[in-house]
Amino acid sequence: MRLKALSFTALLLVTLSSCMTIQLAPSYSENIEKQIIETQKINEKLYLTLLSKPEGKRTYSDFEKEYIEIESNINSIYFQISNREKNTDFLIMINKLKDNFLQYKQEHREKVILKEGEIILYMRYINDFYVPLLFSEKALKTIK
């Protein structure tokens, strides 16, 4: 009798545990992945375009439209990430990206014209914030 009860309990626990899943990370979003890639491309294009212009043609006002587009895309990524569960790590990454982008944008506005070395540094630094965000989003594909 005890053996039957123990067997039944074990079978019940195995059945219940196979039906339950615990989600420790957010669900993968193809849309977020694509938007991260697209925003990084636009950001990279901004800095490459700045580098291709003579120093006198690198004024903030000449590139304000591009800055607004990138900021809008980053805000959209933030909005999508903030509306999914288990998003803490992703919010940290997108906030760091946004804060640094806004810092570089403000520095360009204040300096009016950026020097080549500043542009190269901004481009490299800002890409360092896209990489972990994109890598983490892609890693979610493998988590089911």
Side-chain angles (χ1 to χ4, degrees), residues 5-144:
L6 189 58
S7 297
F8 177 74
T9 304
L11 182 61
L12 183 64
L13 287 173
V14 168
T15 304
L16 288 176
S17 67
S18 67
C19 296
M20 295 173 35
T21 59
I22 298 174
Q23 186 176 354
L24 300 174
S27 301
Y28 167 73
S29 170
E30 184 178 352
N31 187 45
I32 291 175
E33 180 184 349
K34 286 180 180 178
Q35 195 164 11
I36 292 168
I37 292 168
E38 185 59 32
T39 304
Q40 186 279 330
K41 281 182 181 177
I42 297 168
N43 208 153
E44 181 95 0
K45 183 179 178 184
L46 166 66
Y47 291 125
L48 291 173
T49 305
L50 279 164
L51 284 172
S52 72
K53 300 289 183 187
E55 195 170 299
K57 300 279 186 178
R58 297 178 186 161
T59 64
Y60 174 81
S61 60
D62 289 337
F63 292 92
E64 186 173 21
K65 180 181 165 194
E66 288 84 350
Y67 277 110
I68 290 170
E69 180 181 7
I70 296 165
E71 185 176 352
S72 174
N73 284 356
I74 292 172
N75 288 340
S76 177
I77 296 167
Y78 177 88
F79 178 77
Q80 292 176 67
I81 289 173
S82 67
N83 283 302
R84 63 182 185 180
E85 294 180 14
K86 313 286 189 217
N87 63 8
T88 306
D89 293 335
F90 284 85
L91 286 175
I92 291 169
M93 288 184 277
I94 192 66
N95 277 324
K96 287 184 183 224
L97 170 63
K98 182 177 179 173
D99 291 347
N100 281 276
F101 174 79
L102 292 175
Q103 176 188 336
Y104 303 154
K105 175 183 170 184
Q106 184 61 32
E107 287 175 11
H108 191 183
R109 181 183 288 139
E110 290 170 0
K111 292 178 181 181
V112 182
I113 295 175
L114 292 177
K115 304 219 177 285
E116 187 173 316
E118 293 170 318
I119 298 166
I120 292 168
L121 282 176
Y122 289 172
M123 183 168 52
R124 288 185 181 163
Y125 288 163
I126 203 70
N127 280 333
D128 288 343
F129 293 101
Y130 282 103
V131 171
L133 188 60
L134 180 60
F135 181 78
S136 298
E137 189 63 41
K138 284 184 171 191
L140 294 175
K141 281 184 192 180
T142 61
I143 300 172
K144 301 283 181 195

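Numbers for residues simply follow the sequence, beginning at 1.
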Would you please say whether a donor-acceptor pair under 3.5 Å links the side chains of Gln80 and Ser29?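 Their side chains do not contain a donor-acceptor pair, so the 3.5 Å distance test is not met.
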
So, Asn43 versus Tyr130: side-chain donor-acceptor pair below 3.5 Å or not?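 There is such a pair between these side chains.
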
Glu69 bridged to Lys65 by N-O distance under 4.0 Å: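 Salt bridge absent between Glu69 and Lys65.
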
For [Y], does its backbone N or O pair with a side-chain atom of [X] as donor and acceptor, under 3.5 Å?
{"X": "His108", "Y": "Arg58", "value": "yes"}
{"X": "Thr39", "Y": "Gln35", "value": "yes"}
{"X": "Gln40", "Y": "Asn127", "value": "no"}
{"X": "Asn87", "Y": "Ile81", "value": "yes"}

Search all heavy atoms of [X] against all heavy atoms of [Y] and return the closest pair with its distance.
{"X": "Thr49", "Y": "Ser52", "result": "O-OG, 2.7 Å"}
{"X": "Arg84", "Y": "Pro26", "result": "NE-CB, 3.6 Å"}
{"X": "Leu114", "Y": "Glu55", "result": "O-CG, 4.2 Å"}
{"X": "Ser27", "Y": "Glu137", "result": "O-OE2, 4.2 Å"}

Compute the ring centroids of Tyr67 and Tyr60, then answer whether they are less than 6.0 Å apart.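 Ring centres of Tyr60 and Tyr67 closer than 6.0 Å.
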
Using the salt bridge (Lys or Arg N to Asp or Glu O under 4.0 Å) rule, collect all pairs that involve residues 91-111, keeping only residues at least two apart or in two chains.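 For residues 91-111, and leaving out neighbouring residues, the salt bridge (Lys or Arg N to Asp or Glu O under 4.0 Å) pairs sorted by first residue read Glu71-Lys105, Lys111-Glu118.
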
Can you check side chain to side chain contact (heavy atoms under 4.5 Å, CB included) on Lys53 and Phe63, steps first, answer last? CA-CA 11 Å; Lys53 300 289 183 187; Phe63 292 92; 4.0 Å; yes

Roughly how far, to the nearest 0.5 Å, is OG1 of Thr59 from CD of Glu64?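 Those atoms lie 10.0 Å apart.
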
Roughly how far, to the nearest 0.5 Å, is the CZ atom of Phe90 from the CG atom of Asn95?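 Here the interatomic distance stands at 13.5 Å.
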
